[in-house]
S.K.: 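This is the structure I have questions about; it appears just below.
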Amino acid sequence: MLETAKRLIVPSARSDVPPFMVMDVMAAAARLEAAGADVIHMEVGQPAAPAPSTALAAARAALGGPIAYTEALGIPSLRRRIARHYAETQDVEVDPARVIVTTGSSAGFILAFLSLFEPGDRVAIAVPGYPPYRHILTALGCEPVMIETATATRWALTGDALIAAHRPRPLKGVLAASPANPTGTMMTAEALADLIAAAHDAGIRFISDEIYHGLDYAFPATTAARLSDQAIIINSFSKYFCMTGWRIGWMVVPPALVRPIERLQQNLAISVPTLSQIAAEAAFDGRAEMDDIKHGYEDNRRILVEGLPNAGLDRFFPVDGAFYLYADVSRFTADSFDFAQRMLADAHVAATPGVDFDPVEGRKFIRFCYAGSRQDAQAAVERIGRWLKV
Ligand SMILES: Cc1ncc(COP(=O)(O)O)c(C=O)c1O
């Protein structure tokens with residue numbers, strides 16, 4: 001009987017999503033470290049700093065009492081605080097009733113896709129881009145439509161490219177991110193407005209991944225909430241607020257989606273971890289602390305932008321925001337995975353091969369995350385320079 005049951009356990013086709021190759025780089029880095037090497041970690045896209053001290057204090061205080069479920073849409077005072085954040089930082093009024101607290105932006109994508117799309121629907125995403133967009137869409141039975149971006153448009157989706165992809169077979173949705181991962185590029189307010197207008201005109205739902213808002217250096221990032229109340233905004237406490245492991249984020253959605261998402265969240269999660277919600281509300285009082293950390297990223301960015309060209313990596317995407325630099329390594333290799341492995345083994349600098357983000361052109365690129373220390377950014381430039389000149 002057990003043997004028959006064993007034979008029945010065949011994973012579904014939709015669970016067959018590709019792995020994240022950065023994990024292989026991380027595992028190789030861990031092996032090197034175990035053997036005593038001093039590895040500089042620039043592969044994982046997360047801040048080295050902890051959550052704001054205001055968030056930590058609120059979480060500690062809350063541990064004295066019960067940690068119970070909350071309302072599915074989130075603690076009302078947190079939803080109001082998030083809405084106020086838009087008034088404070090983007091000069092836009094957002095109705096707290098449209099704010100939904102989520103288990104990181106990752107859960108925001110699942111809720112957005114489930115509430116907007118049916119299996120078989122086509123959804124456009126930019127390439128290069130964050131791999132889980134296409135993997136989550138695929139797992140939910142939707143079809144990701146990858147639109148290659150180019151220098152002329154600062155590596156962003158445009159209204160024209162969207163309509164060109166829509167014409168042969170209609171798209172149901174489009175997802176854009178600014179600042180973006182892995183490129184670190186940003187869309188100007190005009191470019192974002194153009195894309196949203198094209199999407200609305202063609203009847204394509206617009207989703208804006210704003211997880212790297214707050215980490216903008218080239219020019220201030222504009223929220224899609226300023227441009228349309230029909231856009232679906234997805235954001236998170238993971239990056240600017242340094243709270244990756246707390247697994248907390250939020251959405252701002254059109255009124256018609258609030259109740260459907262509430263029902264989905266009730267069934268999928270009941271509610272978002274309460275301790276994290278309490279910490280997140282207090283995190284907004286720690287913005288001065290987080291701005292200091294952001295200034296550290298700006299220093300690291302300058303070290304890389306000025307230092308990498310001398311070290312041999314002189315072609316990279318506009319380093320506008322987030323904490324990524326996406327470098328062209330095609331002068332040295334046609335296989336960025338091999339390049340990343342050799343750079344790790346020889347120079348002890350870990351970075352992510354572009355193939356994770358772009359199955360075709362990604363073989364020419366690697367992504368550096370500069371959310372670590374200034375010393376690490378400096379040492380990475382020196383090590384890469386020595387290595388590439390060998
Ligand atoms: C562009 C982008 N969106 C979303 C996420 C998911 O983040 P989280 O679920 O921690 O909010 C990440 C994580 O790296 C990301 O880079």
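Atoms within a ligand are numbered from 1 in the order they appear, just like the ligands themselves. Because only heavy atoms are used, hydrogens play no part in the values below, and waters and symmetry mates are left out as well, while side chains stay in. Model, not experiment: these values are computed from the prediction.
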S.K.: Identify, with sequence neighbours excluded, every residue that meets ring pair (Phe, Tyr, Trp, His ring centres under 6.0 Å) alongside Phe316.
M.R.: none
S.K.: Could you pull out all residues at least two apart from Phe109 that satisfy ring pair (Phe, Tyr, Trp, His ring centres under 6.0 Å)?
M.R.: Tyr133
S.K.: Using the ring pair (Phe, Tyr, Trp, His ring centres under 6.0 Å) criterion, which residues pair with Tyr370? Sequence neighbours excluded.
M.R.: none
S.K.: For ligand 1, run through the N/O pairs with the protein that fall under 3.5 Å and put one pair on each line.
M.R.:
residue  : atom   : partner : partner atom : Å
ligand 1 : 3 (N)  : Asp209  : OD2          : 2.7
ligand 1 : 7 (O)  : Ser105  : OG           : 3.3
ligand 1 : 9 (O)  : Ser105  : N            : 3.4
ligand 1 : 9 (O)  : Ser106  : N            : 3.0
ligand 1 : 9 (O)  : Ser106  : OG           : 2.5
ligand 1 : 9 (O)  : Arg247  : NH2          : 2.8
ligand 1 : 10 (O) : Ser238  : OG           : 2.6
ligand 1 : 10 (O) : Arg247  : NH1          : 2.8
ligand 1 : 11 (O) : Ser105  : N            : 2.7
ligand 1 : 11 (O) : Ser105  : OG           : 2.8
ligand 1 : 11 (O) : Ser236  : OG           : 2.7
ligand 1 : 11 (O) : Ser238  : OG           : 3.4
ligand 1 : 14 (O) : Lys239  : NZ           : 2.7
ligand 1 : 16 (O) : Asn181  : ND2          : 2.7
ligand 1 : 16 (O) : Tyr212  : OH           : 2.7

S.K.: Answer yes when Arg81 and Glu88 have at least one side-chain N-carboxylate O distance shorter than 4.0 Å, and no when they do not.
M.R.: yes
S.K.: Between Asp376 and Arg383, is there a side-chain N and carboxylate O pair less than 4.0 Å apart?
M.R.: no
S.K.: Please determine if Arg367 and Asp356 form a salt bridge, counting it only when a charged side-chain N lies under 4.0 Å from a carboxylate O.
M.R.: no
